[in-house]
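These notes are about the structure you will find just below.
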Amino acid sequence: MLNVFLTAMIVTLASGTAFVLYCRWRYPEPHLNWSEVDVESISFPPDFLWGAATAAHQVEGGLHNNWSVFEESRGLEKSGEACDHWNRWKEDFEMLSELGLTTYRFSIEWSRLEPEPGKWDSAPLQVYSDMVDDLLNRGIRPVVTLHHFSHPAWWEDRGGFSKKENLPEFIAYCERVFETLSDRVDVWCTINEPTVFSSMGYTLGQFPPGHRSIRQTLRIMRNLMRAHAALYASLKSRRPDASIGVAKNVTLFDPLNRWSPIDWAVARLLDWLWSGAWQRGILSGRMLGSRVRGSKNSLDFIGLNYYTHFLTGLFMPTTGELAFARRENEVSTEFGYPMYAEGFRRAIEKVSVLNVPIEITENGVADSNDVLRPEHLMRHLWVLSEAISDGYDIKSFHHWSLMDNFEWAEGYSMRFGLYEVDFDTQERNLRKSGELYRKIITEHMKT
Ligand code: FCB
């Protein structure tokens, strides 16, 4: 009996150690000594595109959709007027020119276009069309996102993405937008951050509809892939040379304790659920055990949203606010997660297996006093510049965000803008980091 027990112990210990050693070799977690890195030595190709990003619900104001209903029912801070961008977009686009941007990513608000099922309002679509014209006149490339976390409240009531039979309504809305704008808009993101949408809305319950069910999460993940694949086919059939992609959040999962097989197992599992399953959907046409018609190779580019890595372990919160751990040498950002620019390279490498050009569709930091943002920007641009010179095909960088805005479950407390916004007066002011970004753009467009 003792022999059996001892043998079992030895086998467990040996396999645990082998697993840890394998993981440490296969998934290194580099950390640079930033004081030795010359972050100013960067170079970008002359046709590299410099941008910023926003999303409709976060800036436009005056919306009635799944989010406004959720804010109300959960007693969250209300998005309300937001940046009043719907009325001020012309002035706001001046800011894009002031920064010298050459690309701008924004999203379309479905609830404006179809406020009631089947009742279409053409006026808002005309406004989006005017925005596109204005951007083009300024020499700025528009990048349109069709779904950035928000959709009509009536569609949410019908179950939104949780029901396969609802997808044709979503696709009909997208086709309508595409038909109006695709004569001038070349680059399209179908869905913003499918994994954030499904995990925040259906596992952690912090986004609408506030559910907490793994089964539902998996169903949403599949349906988002179905929606993306169907959209890809439909939009490409309308305009084959349009460039259609997804904005994928790549959060890296690293073990809190690098000696712990359990922490490694949790990290690998989360990485698989967050990025692996989704990538497999694109590479093989299968998502979480189901075949998804048309998902194989349904990308012309991959949008990368990179913010941080997440240190995982056995005792991780599964409810309420996430607690973020950080390494000793890392600085915490206002959001709570660490600044880890080294991970930007890992995220680029990860999405590069998809074998399509990369657009950085989001990167930035919550920093109300603008003390960390300049360093954050420089480090990430340095990593980007290195990746490009090492041969990665990266077309653009969109800073999140152009201006402070409504940060979802965090409301107005998180300030991500190159421009600071005073939400009482709607005054915008360029931050020091905005000036720095402008300087970098000017210098690198000359070369
Ligand atoms: C991303 C979202 C974006 C913004 C940033 C901070 O996950 O796509 O809308 O909230 O985080």
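Both ligands and their constituent atoms are indexed starting at 1 by order of listing. These numbers come from the heavy atoms of this one structure, side chains and all, not from hydrogens, waters or symmetry mates.
Residue-ligand proximity, Q58 to ligand 1, at heavy-atom distances under 4.0 Å covers atoms 3 (C), 4 (C), 9 (O), 10 (O). Ligand 1 places these atoms under 4.0 Å from at least one heavy atom of N192: 8 (O). The distance from ligand 1 to the heavy atoms of F416 drops below 4.0 Å at these ligand atoms: 6 (C).
A cation-pi contact, defined as under 6.0 Å to the ring centre and within 45° of the axis, is absent between R105 and W400.
For residues 331-373, every residue pair satisfying the ring-ring contact (aromatic ring centres under 6.0 Å, His included) rule, not counting sequence neighbours, is listed here: H31-Y340, Y306-F344, H309-Y340, F324-Y337, F335-Y337, F344-H380.
The aromatic rings of F253 and W274 lie perpendicular to each other, with more than 60° between the two planes, well past the 30° mark. Ring-plane geometry between F70 and W67 is classed as perpendicular, the angle between the planes exceeding 60 degrees on a 0 to 90 degree scale with a lower cut at 30.
In terms of protein heavy-atom proximity, atom 7 (O) of ligand 1 is closest to E193 OE1, 2.5 Å. The protein non-hydrogen atom at the shortest distance from atom 5 (C) of ligand 1 is Y307 OH, 3.3 Å. For atom 2 (C) of ligand 1, the nearest protein heavy atom (residue, atom name, distance) is E362 OE1, 3.4 Å. Among all protein heavy atoms, the one lying closest to atom 10 (O) of ligand 1 is E407 OE1, 2.7 Å.
Look at D241 and R239 and you find a salt bridge, because one of the NZ, NE, NH1 or NH2 atoms lies within 4.0 Å of a carboxylate O, short of that distance. A salt bridge links D254 with R346; the closest basic N to acidic carboxylate O contact falls under 4.0 Å.
The shortest heavy-atom distance from H148 to ligand 1 is under 4.0 Å.
Residue contacts with ligand 1 for V196 are absent, since no atom lies close enough (heavy atoms, distance under 4.0 Å).
Exactly one residue among K395, H398, E359 makes a side chain to side chain donor-acceptor pair (under 3.5 Å) with T103. That residue is H398.
Considering backbone and side-chain atoms alike, W408 places an N or O below 3.5 Å from some N or O of ligand 1.
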